[in-house]
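Following: one structure in structure tokens, then a few remarks.
Just so you know, ligand 1 is whichever comes first in the structure, and atom 1 is the first atom listed for that ligand.
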Amino acid sequence: MSNILVAGGAGYIGSRLVPALLRSGHKVSVVDLLWFGNYLSIPVIQRDLFDLREDDLRGYDCLIFLAGMSNDPMADCNPSKNFVSNAALPAYLAFIARSAAVKRFIYASSCSIYGYTNQICNEDSPTLCRSPYGMSKLQGEQGVLQAHDDKFSVIALRQGTVCGYSPRMRFDLIMNTMFKTAYLHDEVIVNNSMIWRPICDIEDSVSAFEKAIRVKHSVSGAFNVSSTNLTVGEVGRQVKEMMEKAMGRKITLMINNAEEVRNYRVSTQKAETVLGFRPNYCASRLLQGILDHRDEFGDFENDQFYNIRIFKKYEHNSCQY
Ligand SMILES: NC(=O)c1ccc[n+]([C@@H]2O[C@H](COP(=O)([O-])OP(=O)(O)OC[C@H]3O[C@@H](n4cnc5c(N)ncnc54)[C@H](O)[C@@H]3O)[C@@H](O)[C@H]2O)c1
């Protein structure tokens, strides 16, 4: 079992990953600024990751990076802070982790680096992103991979849009947002039905990190991680169908024609072959998982469920939105 530091581990993915790692018997520490609160059962070191030094990382076997700005609106809100948090920060942490003899660094990358393409992207496909978020995630990935050597394995998990229940819930992610409007307003809004998105069940995301921790030490590199590729129109249809069944009410599908800068499908063949990743997508299970926890959420419109709203509060007047 490993001694693992999860940087940004109190967020949406971390709040599912950390309990899973503890259940698997790993020793886990979390450093997080707690922007969105704390739903973990272990004490969190509330500290800015920029303030960590080599000595702070000694003794860990593995560092998992889940921090930074985690969506386009946050990145657009303060692009300069975004590039520092998503590109410079992971590169810096990989640099000091290697010096501190940490053996493995796992970086939460994103399929948004592929930008707008009609191809099914594998890890060698061109990266056509032009948005601050996509560009910064690509830079972060390049920075951390640069640090790899025989003694320091670096794995970048390029996740699709992660969806499903987490104790630190987000309703600003495609399927979770559709769940919310179906549940509250009997309506699912599809911004552009033709656009493709890799959808990643949060359980598949967690299992990819667990596989990456365990894979043999000689493995480094980038891996697509997703459960399935769907058009946004199909995601909307699946949410409508499942929620109608679960709630016994008619749900309206609203189709808009919004412009989109992201459109991509991905192949997860490399993660399946090298990491042993086994995606397991089931829309009704994913949505039922959120439905089962609906009483926990209280007011679904609470700012805590929407990263950009909390971020704007922190940013005060420096935000351009
Ligand atoms: N959620 C997705 O759909 C998705 C998809 C692809 C990639 N990712 C990547 O996965 C990672 C985790 O995503 P998430 O949805 O859990 O994000 P999140 O916003 O819920 O959590 C990020 C956490 O990082 C912490 N943090 C940020 N900067 C910090 C700093 N300087 N020092 C200490 N703590 C800091 C925040 O307090 C927060 O708890 C992110 O890097 C994101 O870019 C997410």
* Please check if Ile120 and Tyr281 belong to a single hydrophobic cluster, counting links between Ile, Leu, Val, Met, Phe, Trp and Tyr side chain heavy atoms closer than 4.5 Å. => no
* **Distance-only side-chain donor-acceptor flag, Asn78 / Ser80, under 3.5 Å** => yes
* Give a yes/no on ligand 1: does Ser15 have at least one heavy atom closer than 4.0 angstrom to it? => no
* Below 4.0 Å from any atom of ligand 1, is there a heavy atom belonging to Ser205? -> no
* Structure fact -> A student checking ligand 1 against Arg47 at a 4.0 Å heavy-atom cut-off should list atoms 32 (N), 33 (C)
* To do: Measure the acute angle between the ring planes of Phe305 and Phe171, then classify it against the limits of 30° and 60° as parallel, tilted or perpendicular.
  => perpendicular
* **Tyr133: numbered ligand 1 atoms lying under 4.0 Å from its heavy atoms** => 7 (C), 8 (N), 42 (C), 43 (O)
* Asked: Phe65 and Tyr133: same hydrophobic cluster, using ILVMFWY side-chain contacts below 4.5 Å?
  -> no
* Asked: With respect to atom 41 (O) of ligand 1, which of Ser70, Ser136, Gly68, Ala67 exhibits the smallest heavy-atom separation?
  -> Ala67
* Asked: Against heavy atoms of Ala10, which atoms of ligand 1 measure under 4.0 Å?
  -> 39 (O)
* According to the interplanar angle, ranging from 0 to 90°, do the rings of Phe297 and Phe300 count as parallel (below 30°), tilted (30 to 60°) or perpendicular (above 60°)? -> perpendicular
* Asked: Below 4.0 Å from any atom of ligand 1, is there a heavy atom belonging to Asn86?
  -> no
* **Pick from Arg168, Arg158, Arg170, Arg16: the one approaching atom 1 (N) of ligand 1 most closely through a non-hydrogen atom** => Arg170
* Asked: What atoms of ligand 1 come closer than 4.0 angstrom to any heavy atom of Ala108?
  -> 9 (C), 10 (O), 11 (C), 41 (O)
* Going by the order shown, which atoms of ligand 1 are within less than 4.0 Å of some heavy atom of Gly11? -> 16 (O), 20 (O), 21 (O), 39 (O)
* To do: Flag yes if more than 12 heavy atoms outside Tyr92 fall under 6.0 Å of its OH atom; otherwise flag no.
  => yes
